[in-house]
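Notes follow the structure.
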There are 2 protein chains.
Amino acid sequence: MARRRSTGVSEATTQRLSLLLRSLRELEREGVGSVSSSELAERLGSNSAQVRKDLAQLGELGVRGVGYRVPELRTRIEGHTGLGTPRTLVVVGAGNLGKALADSPNFHSEGFRIAAVFDVDPRKVGGRTRTGVPVLDAARLDAAVRELGAAIGVVAVPAPAARAAADSLVAAGVKAILNFAPHAVGPYPGVVVKNVDLTLLVETLGARLAASGA
Amino acid sequence: MARRRSTGVSEATTQRLSLLLRSLRELEREGVGSVSSSELAERLGSNSAQVRKDLAQLGELGVRGVGYRVPELRTRIEGHTGLGTPRTLVVVGAGNLGKALADSPNFHSEGFRIAAVFDVDPRKVGGRTRTGVPVLDAARLDAAVRELGAAIGVVAVPAPAARAAADSLVAAGVKAILNFAPHAVGPYPGVVVKNVDLTLLVETLGARLAASGA
DNA sequence: TACTGTGAAGTGATTCACAGCG
DNA sequence: CGCTGTGAATCACTTCACAGTA
């Protein structure tokens, strides 16, 4: 009887579990059988109490006096968080950033598959990115997304087009949106939205720089 | 006698002030003279108490019964936070992502200037990106960064090279690093570091998706 | 003995709610 | 009267510290 947790783990915890999973896979490749929370903490640049608290969310699966068994812990994290579940994604916008994201090894990791890039420019449509992802006509987005069964849409279009792109993705049935345009989109009911405003990132960095002395 | 605040405003507040600044510039172009905290909140998708709390950090500059005077508020935010201060940045890594970032309008906004992209690949060195940013030899990074007076370094290299790239930037005297590699760098004393792990973003999104029903 | 699991304390940010001023 | 500025309440997350167990 699998427990169904709608909002079980916080975003912060999920992020740390994801990083933890990376370490665990590495440890597993190295053939390590078990690790303590403090060893894991050291790898993550965190502290052991944090690691234990995070892992406690998945039930009691450590062995007192010993630590956690690596393979078991890995499968447990995957099972309970959905981390590692394969997903198909599409990118809207075949500009510099869109193509970079589509080809990026960052986005091809552990079970993610970029199925298509969409653009409105007829000169781009029909082509392929460097790694072979097809560039499709944005007018066919709805049909293509359904056909491909894409669950995640990445928005990489100029700011004024962001809302429309996100709307189309939602209409086509994606369940999550990662938006890189400097203009927040959403919220949409039933859709997980993450806005990553690159402009905001540099501006904030510049300000923190000013605050820290110059 | 300007007040020198080392760690005056939190990161969260700075981000909101940055967004606020965007709205204010827009309002100023429209010739709006004053706004209330609730009008601003609506534009940001926030709430009025939050806006007032954020603005209170800059001193008392609202007019009770009326709101905030737009031009005055804008200059005050710029002055106190360093938002809007022109900065020179360099990008390390002339791959897809590096070039996309260097050419991105997101990074050319409001006073930011990308002065150079560095790469180790001799076939790339000597060229220019689409918008004309020169690609320089990574071996010359130290000298070039000092010469250009770059304060912010953007890391856009593969994970295994991230630490070395960041180290060189710090050695060359940059005061802030924006790292896009899926491997955290830093901390370095006296340097503001922001890690933006793209892989982590999609993975977390996938997990939140799983948590919310599928 | 060496570790986990967890209550309790601590920290920081957000929201509420209202007194006070133009 | 309408709006700001802000103390107090709330909430979310992190760290501490230790009882309890394999």
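This is a predicted model, so every value here is computed, not measured. Reckoned from all heavy atoms, side chains included, excluding hydrogens, waters and symmetry mates. Lettering of chains follows the sequences in order, A, B, ..., and the numbering in each one begins at 1.
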### Query
Taking B/Asp54 for the side chain and B/Thr13 for the main chain, is one N or O donor matched with an acceptor at less than 3.5 Å?
no

### Task
Send over the distance from B/Glu60 CD to C/dG20 P, rounded to a whole Å.
14 Å

#### Entry: Approximate separation, where rounding is to 0.5 Å, of B/Leu58 CG and B/His80 NE2
6.5 Å

### Query
Once you round it to whole Å, what is the distance between P of D/dC18 and CZ of A/Arg52?
14 Å

### Message
If the cut-off is 4.0 Å, is B/Tyr68 near the phosphate of D/dG2, judged by side-chain N/O to OP1 or OP2?
### Response
no

### Query
In whole angstrom, what separates B/Glu39's CD from D/dG2's C1'?
12 Å

### Query
Rounded to whole angstroms, how far apart are CZ on A/Arg69 and P on C/dC3?
17 Å

### Query
Side chain of A/Ser36: nearest nucleotide among D/dT14, C/dC3, C/dT15?
C/dC3

### Query
Are any of B/Gln50's side-chain N or O atoms less than 4.0 Å away from OP1 or OP2 of C/dT15?
yes

### Task
Measure the distance from CG on B/Leu55 to P on D/dC3 and round it to the nearest whole Å.
15 Å

### Query
Are A/Arg74 and A/Arg25 close enough that some pair of their side-chain heavy atoms sits under 4.5 Å apart?
yes

### Message
Counting C-beta onward and ignoring hydrogens, is there a side-chain heavy-atom pair between B/Ile177 and B/Val192 closer than 4.5 Å?
### Response
no

### Query
Using a cut-off of 4.0 Å on non-hydrogen atoms, how would the nucleic acid contact of B/Ser37 be classed: base, sugar-phosphate, or nothing?
sugar-phosphate

### Message
What is the separation between atom CD on B/Glu11 and atom P on C/dG12, rounded to the nearest whole Å?
### Response
15 Å

### Task
Please state how far atom CG in B/Leu73 lies from atom P in D/dC3, giving the value in whole angstrom units.
16 Å

### Task
Please assess B/Arg43 against B/Glu39 for the test salt bridge (charged side-chain N to carboxylate O under 4.0 Å, His left out), listing each intermediate value before the final yes or no.
CA-CA 7 Å; B/Arg43 286 182 164 249; B/Glu39 286 168 321; over 6 Å; no

### Closest-nucleotide ordering on DNA chain C, the 5'-leading residue of A/Val66 and A/Ala49
A/Val66

### Query
DNA chain D: A/Asp54 or B/Val35, which has the more 5' nearest nucleotide?
B/Val35

### Query
Could a donor-acceptor pair under 3.5 angstrom be found where the side chain of A/Arg64 meets the base of C/dT4?
yes

### Message
Classify B/Gly65 by what it touches in the nucleic acid, base, sugar-phosphate, or nothing, heavy-atom distance under 4.0 Å.
### Response
base

### Task
Nearest whole angstrom, please: distance from the P of D/dT15 to the NZ of A/Lys53.
11 Å

